Number of protein chains: 2
Amino acid sequence: MSGPATASVTWQSVRAEALRRIRTREWPPGALIPKEAEIAEELGCARATVNRALRDLAEAGYLDRRRKGGTRVTETPVRRAVFDIAIIRHEVEQSGASYGYALLVDRMERLPEDLAALLDQPPGTRWRRVIALHSAGKRPFCLEDRWLNPVLVPQKRADFTASSANEWLVRNVPFTGGELSFQARKADTALASRLGCARGNAVFAVERITRTDDAAVTAVTLTYAPGYRLTTTLG
Amino acid sequence: MSGPATASVTWQSVRAEALRRIRTREWPPGALIPKEAEIAEELGCARATVNRALRDLAEAGYLDRRRKGGTRVTETPVRRAVFDIAIIRHEVEQSGASYGYALLVDRMERLPEDLAALLDQPPGTRWRRVIALHSAGKRPFCLEDRWLNPVLVPQKRADFTASSANEWLVRNVPFTGGELSFQARKADTALASRLGCARGNAVFAVERITRTDDAAVTAVTLTYAPGYRLTTTLG
DNA sequence: TCGCATAATAAGTCTATACTTAATGGGCCG
DNA sequence: CGGCCCATTAAGTATAGACTTATTATGCGA
């Protein structure tokens with residue numbers, strides 16, 4: 001009823017072969033490639049196997065697939081960079097340094113107007129504001145300036161004196177979406193003194209807003225000490 | 001989608017249900033969840049459908065799966081941010097501005113020692129160096145400072161006076177790997193004049209090395225004018 | 001000739017089944 | 001008691017077949 005038990009063509013091998021054809025331009029950019037059934041017959045496997053392989057290549061940005069339209073090689077493959085958003089403690093520990101944490105501010109404050117708008121909060125809303133410093137060895141590593149939705153993260157339930165809001169949130173408030181942005185900033189006097197660097201230094205800043213289905217959970221700005229690099233591998 | 005006539009349970013619906021259970025802590029962090037066959041029976045679908053759903057959640061970082069070990073909920077879900085590495089022209093055009101391009105330098109130069117090491121080239125190797133400015137409207141947008149492997153990108157074959165190396169490479173040299181890093185830098189005099197900003201301004205810099213299986217293809221530093229933000233959505 | 005209904009098509013998906021592979025844990029032997 | 005081998009287990013994968021759905025092409029009528 002089924003084919004030979006051993007000779008199976010794996011979806012990885014189909015993927016590899018398809019990628020080879022793309023790289024060698026046997027299937028040039030923009031070209032329509034044979035349909036699944038044809039490739040399956042050619043390589044001697046089931047259509048589902050080809051489907052798995054081509055779907056994977058499509059996810060990776062090498063192919064564009066459309067029902068009825070067939071599959072074509074992407075004209076200009078969009079490369080994706082993937083960053084893992086780690087817990088800062090892990091990031092520090094992974095670099096070999098010992099991790100330090102200090103809570104600097106934890107109080108209720110009125111949201112700045114622009115931020116309130118981004119968070120879908122009426123102007124003047126008071127949220128919990130937490131500022132903390134993460135350090136690597138004796139050096140400041142990253143300043144965390146965070147606003148928290150007090151409904152979801154009341155002061156009595158979450159205490160950030162010993163460990164950061166970062167970790168508490170990861171474990172306690174699953175989020176469903178948000179935005180992330182990176183930018184370069186000049187350190188002002190306050191920031192420079194907290195990060196232990198000269199005023200005017202260029203620092204790397206990450207802004208992140210996190211939401212659940214219903215409401216915004218938190219908005220945070222992470223400002224890293226000068227010299228920080230965010231690195232990843234292209235696959 | 002959830003048609004009554006077509007009673008089939010889709011893998012998306014299984015995924016959604018599993019995610020719901022993770023979010024509601026019905027399956028708390030660290031817990032072992034039922035095995036595929038059990039879930040399949042419970043939801044009334046084939047095991048392959050459950051497999052597809054759980055595999056997807058594992059890829060997204062919600063689950064850890066191991067043969068024989070079963071599937072458990074990730075203790076601290078690692079969130080991933082995905083950035084599309086666009087062609088700079090597209091990035092500018094998408095913002096609504098008109099794109100401008102100017103080639104500033106194109107000559108053979110000796111690789112700096114540290115870069116040569118990164119690129120697996122013997123010290124003193126001469127590569128093609130290209131410097132170009134991308135602009136949005138009348139404003140400088142991004143300075144591209146690039147080194148190219150002259151074997152793969154000889155000057156006679158690739159002319160960058162009219163369009164950038166960026167686009168030529170995407171279309172002509174498929175790459176298989178590389179590294180990417182982001183950082184904040186202070187603009188020195190040369191950079192400031194080219195980007196049309198004040199000296200000492202904080203600028204966002206992207207460094208990228210691109211390789212084929214055999215050899216390094218190119219190393220590039222993209223320095224964006226002050227105010228640039230790299231943004232993405234968290235899913 | 002234009003516009004719309006319809007047929008054709010290729011990918012998307014579900015199912016049932018069977019086999020493979022990586023771990024795990026227990027039992028046997030030294 | 002310790003270590004190794006093997007049975008067991010749960011995920012991983014392959015397959016054939018059938019059905020769904022988005023999209024394109026076509027042909028008919030106004």
Side-chain angles (χ1 to χ4, degrees), chain A residues 1-19 21-22 27 29-75 77, chain B residues 1-19 21-22 27 29-75 77:
Chain A
M1 41 207 278
S2 62
T6 31
S8 61
V9 176
T10 66
W11 70 266
Q12 286 98 333
S13 72
V14 175
R15 194 199 126 111
E17 173 58 16
L19 192 50
R21 292 184 187 183
I22 294 169
W27 292 344
L32 197 62
I33 75 173
K35 53 191 188 189
E36 292 186 350
E38 286 169 13
I39 297 175
E41 199 195 358
E42 186 206 333
L43 302 182
C45 65
R47 185 169 77 90
T49 306
V50 176
N51 182 282
R52 178 89 152 85
L54 298 190
R55 198 199 328 134
D56 198 77
L57 286 174
E59 264 168 34
Y62 291 103
L63 296 174
D64 285 328
R65 322 195 72 200
R66 295 167 69 175
R67 287 187 186 178
K68 156 80 185 174
T71 300
R72 50 182 70 239
V73 180
T74 308
E75 203 71 54
Chain B
M1 290 355 103
S2 45
T6 38
S8 61
V9 176
T10 66
W11 70 266
Q12 286 98 332
S13 72
V14 175
R15 194 199 126 112
E17 173 59 16
L19 192 51
R21 292 185 187 182
I22 293 168
W27 292 342
L32 196 62
I33 74 171
K35 54 191 186 187
E36 291 185 348
E38 287 168 14
I39 298 174
E41 201 195 358
E42 186 205 333
L43 302 182
C45 65
R47 185 169 76 90
T49 307
V50 177
N51 182 281
R52 177 88 155 86
L54 298 190
R55 198 197 330 132
D56 199 77
L57 286 174
E59 264 167 36
Y62 291 104
L63 295 174
D64 285 327
R65 320 196 73 199
R66 294 164 65 178
R67 285 184 187 180
K68 157 81 185 172
T71 301
R72 50 184 69 238
V73 180
T74 308
E75 204 70 54

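Note on naming: letters A, B, ... go to the chains in the order of the sequence lines (proteins, then strands), and numbering restarts at 1 for each one. In this text, all values refer to a predicted model and were calculated from it rather than measured experimentally.
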How close or far is atom [atom2] of [N] from atom [atom1] of [X], stated in whole angstroms?
X	N	atom1	atom2	answer
Arg67(A)	dT13(C)	CZ	P	6 Å
Lys35(A)	dG12(C)	NZ	P	15 Å
Asp56(A)	dG12(D)	CG	P	14 Å

Give a yes/no answer on whether the side chain of [X] brings an N or O atom under 4.0 Å of OP1 or OP2 in [N].
X	N	result
Lys68(B)	dA22(C)	no
Asn51(B)	dA11(D)	no
Arg55(B)	dA11(D)	no
Thr49(A)	dT13(D)	no
Gln12(A)	dT13(D)	yes
Ser8(B)	dT13(C)	no

task: Under 4.0 Å between any heavy atoms, over every strand shown, what does Gly70(A) touch: base, sugar-phosphate, or nothing? Just pick one.
output: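 Here Gly70(A) touches the backbone only, sparing every base.
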message: What contact category does Glu38(A) fall into here, base, sugar-phosphate, or nothing, at under 4.0 angstrom with non-hydrogen atoms?
response: nothing
message: Given the structure, check if the side chain of Arg66(A) and the base of dG12(C) hold any donor-acceptor pair shorter than 3.5 Å.
response: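 Result: no qualifying N/O pair found.
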message: Heavy-atom nearest nucleotide on DNA chain D for Cys45(A) versus Leu54(B): which residue maps closer to 5'?
response: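 By nearest-heavy-atom nucleotide position, the 5'-most residue is Leu54(B).
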message: Quick test of your reading of the model: are Arg55(B) and Glu59(B) salt-bridged, counting only N-O distances below 4.0 Å?
response: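 No, no charged N to carboxylate O under 4.0 Å.
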message: Of the listed nucleotides (dA11(D), dT13(D), dA16(C)), which one gets closest to any side-chain atom of Glu36(B)?
response: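 The listed nucleotide nearest to Glu36(B)'s side chain is dA11(D).
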- request: Nearest-nucleotide wise, let me know which of Arg52(B) and Arg47(B) is further upstream toward the 5' end of DNA chain C.
  value: Arg52(B)
